Undergrad: 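Got a structure for you, written out below as structure tokens; questions coming shortly.
Fair warning: this is a prediction, and the values are worked out from it, not measured in the lab. Here is the naming used below: chain letters follow the sequence lines, and residue numbers restart at 1 for every chain.
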Amino acid sequence: MTTSALAPRRLLPRRLPGASQELVLLAAILLIVAVVGWINPRFVSPNNLTTIFSGNAYVAVAAIGMALVIICGHIDVSVGALIGVLATISGILVTKGFPVWMAWLVPVLVGGAWNAGLGAVIAYLKVPSIIATLAVLSILRGGLITATGGAWISGLPPDYQLAQFRLLGLPSPVWFMVIMTAVAAFLLRNTGFGRAIYAVGGNREAAEAEGISCNRTIVGVFAIHGMIAGVAAVLFATQLQVIQSTVPNGLELLVITAAVVGGVSILGGIGTVTGAALAAILFSAIGSSLIFLNVSAYWLRAVQGVLILATVLADMARRGRAG
Amino acid sequence: MSPRSPALPAMPPRAVSLRSLLRHETLLALILLAALALLALANDRFLTTANLLNQGRLMTEVGLIAIAMTFVVITGGIDLSVGSILGLCAVLVGVFWKNLELPLPVAMTLSLGVGTLAGLVNGLIITRFRVPPLIATLATLALYRGLAEGISQAKSVRGYPAWFFELGQGSIVGIPTQLWLLLAAALVGIVVLRSTTFGRATYAIGNNEQGAAFSGLPVARTKLLIYAASGFMAGLAALVFVSRVTTTRSDMGTGIELDVITAVVLGGTSIFGGRGFVTGTLLGLCLIQVLKNGLALSGVRGDGTVVIIGAVLIVAVLISNVLKRWNGE
């Protein structure tokens, strides 16, 4: 992980590893748009491109929080379930007649508080994050179905549909994605808390020796991650006319792989949020292009799986760990 | 990774003392007995031979995979793709038999082969490309489930011959057929882990992978075999599953990895590797099944039991952490 000056070979010009990963992802997105657009021109219509970016922006938003968690040396496989629960809470609030701003704000606060608790269990009680979040995944998923019976929430008021608002011609989820990525990137790069996150993920003992409170950093990261998941949940809940009160299948997989493919090392201490968001966009571009290339819907997940695997393998090879 | 000194396998302590009595397995057995007693008192339909044997039938699929998963977790790895492998193998039995018109035994064998291959691919990704097991198997979880969906095109296959249902619904000497299978697999697992060099290598890899490699242990080959075995067991579980429910569907085994990992971790296997026993896993498995059954008998629906299993998992790890500190580890 230390870039040795004596490293004999480099596949790419010397640059920050994170930055080059972001360029690769950007190139991949442009390549897919160009190739699929060449085969099927309807793919590059402004309408479709906006749909791709805004319809899956909530995945990119959630990937920002996941990137923070993984950089800090942990993982959260419960994020998909949390987004499902928070989206349902938001929908129930608004249909029960609470003001719209509460339906937007409460999921963010609940997400932050819930995950702060989860972070405390992981940090202070030393429960491995994979186990804790796997357990929470099943608690949230089972709890949600038990509570709602899997019913859909409909009759949402139009002024609640945050994800359908537009500003300067762009849908609001795109704005959320861009602004939150920028804020998180700034936070990671330029604040003491951001550097603490890298330090805790990179080398716990060393971070502790420098006077960083690892436990508090972990709880903070999980709390922020929960709040970001709350934003993702509101975007997810408000983009359609109904809310499916079930957990979106495999969402946690998408969010985690976006973070990892975006250049966040699963071993902690390395990565950027910009890469994570770009990778999420890449996945949605891939998913959408499969539809435009007339790939049968039943094969969609298999192709996605191959692509995710290929990206992970390419990433490992690029980092020279394959040797 | 901080260097931990000895690459020697941790052998189970032999002497009976207060501390060894408070070992995870003993504690688990006591909790299991307490749960059995409580449920027997609360519901007279619980402690009947028929019910207990039926519970054994229901836990076999998770149990078969959990035995292999114990090895995986002891090496410090994890295999999240087992549920998808189960789904893929189940679909393939139907496709080989119905669409390709192969004899059913051949279809079953081929399907087991594919399961093993799927596990081997996991192992290759993990050992060759150094992809962390969590990420590798998360990716193949999507891939194998996607293959199952694509191959089946959401069609289920029914109408298997009667002899096939013996595996999942029949009995031998009054005991469900698949329980014999689980028993055999458990015995093999216990013996291999305790008394063979392969088992010792498994512990050594989990304790200190680099140390194990420097001591000349075949680290990559051991891990490959273990992940392949995990795939094989998922395939075997698929056969039992299909035979038990008489149909194949591509969504079979979704989320089973949670039950499997809960059984393994509940059984005292350390998620960080290097520590764990097959007997512990079996106790964990029984405890989960008893809980599920007890809750169902007292009127909690399936989704509610998932919540409680999640809670039990966290509490188990917490207790194990407290015990570890108390034992001065």
Undergrad: Considering only heavy atoms, which portion of A:L254 lies under 4.5 Å from any heavy atom of chain B: side chain, backbone, both, or neither?
TA: neither
Undergrad: Can you tell me which of A:V77, A:V306, A:T257, A:T146 forms the most heavy-atom pairs within a distance under 4.5 Å of chain B?
TA: A:T146
Undergrad: Supply the atom-to-atom distance A:N215 CG to A:Y124 OH, rounded to the nearest 0.5 angstrom.
TA: 5.0 Å
Undergrad: Using a cut-off of under 4.5 Å for heavy-atom pairs, which of B:T254, B:I261, B:L138 has the most such pairs with chain A?
TA: B:L138
Undergrad: State, yes or no, whether a side-chain contact exists between A:F222 and A:L68 at a heavy-atom distance under 4.5 Å.
TA: no
Undergrad: Do the side-chain N and O atoms of B:N122 and B:T140 include a donor-acceptor pair separated by under 3.5 angstrom?
TA: yes
Undergrad: Around B:Q153, counting heavy atoms of other residues, nucleotides and ligands shown, do more than 12 lie under 6.0 Å from its CD?
TA: yes
Undergrad: Are any non-hydrogen side-chain atoms of B:L88 and B:V114 less than 4.5 angstrom apart?
TA: yes
Undergrad: Just give me the residue among A:G305, A:P128, A:A135 that pairs up with chain B most often, heavy atom to heavy atom, under 4.5 Å.
TA: A:A135
Undergrad: Under a 4.5 Å heavy-atom cutoff, which of B:L141, B:V312, B:V131, B:I308 has the most pairs with chain A?
TA: B:V131
Undergrad: Name the region of B:V265, side chain, backbone, both or neither, that has any atom closer than 4.5 Å to a heavy atom of chain A.
TA: side chain
Undergrad: Closer than 4.0 angstrom, basic N to acidic O: yes or no for B:K223 and B:E209?
TA: yes
Undergrad: Below 4.5 Å, heavy-atom pairs only: which of A:L125, A:V136, A:I131 has the largest tally toward chain B?
TA: A:I131
Undergrad: Rounded to the nearest 0.5 Å, how far does CG of B:D259 lie from CD1 of B:I65?
TA: 9.5 Å
Undergrad: Find the one option among A:I130, A:V121, A:L134 whose heavy-atom pairs under 4.5 Å with chain B are most numerous.
TA: A:L134
Undergrad: Is B:L147 in contact with chain A via its backbone, its side chain, both, or neither, using a 4.5 Å heavy-atom distance?
TA: both
Undergrad: For B:I151, which atoms come within 4.5 Å of any heavy atom of chain A: side chain, backbone, both, or neither?
TA: both
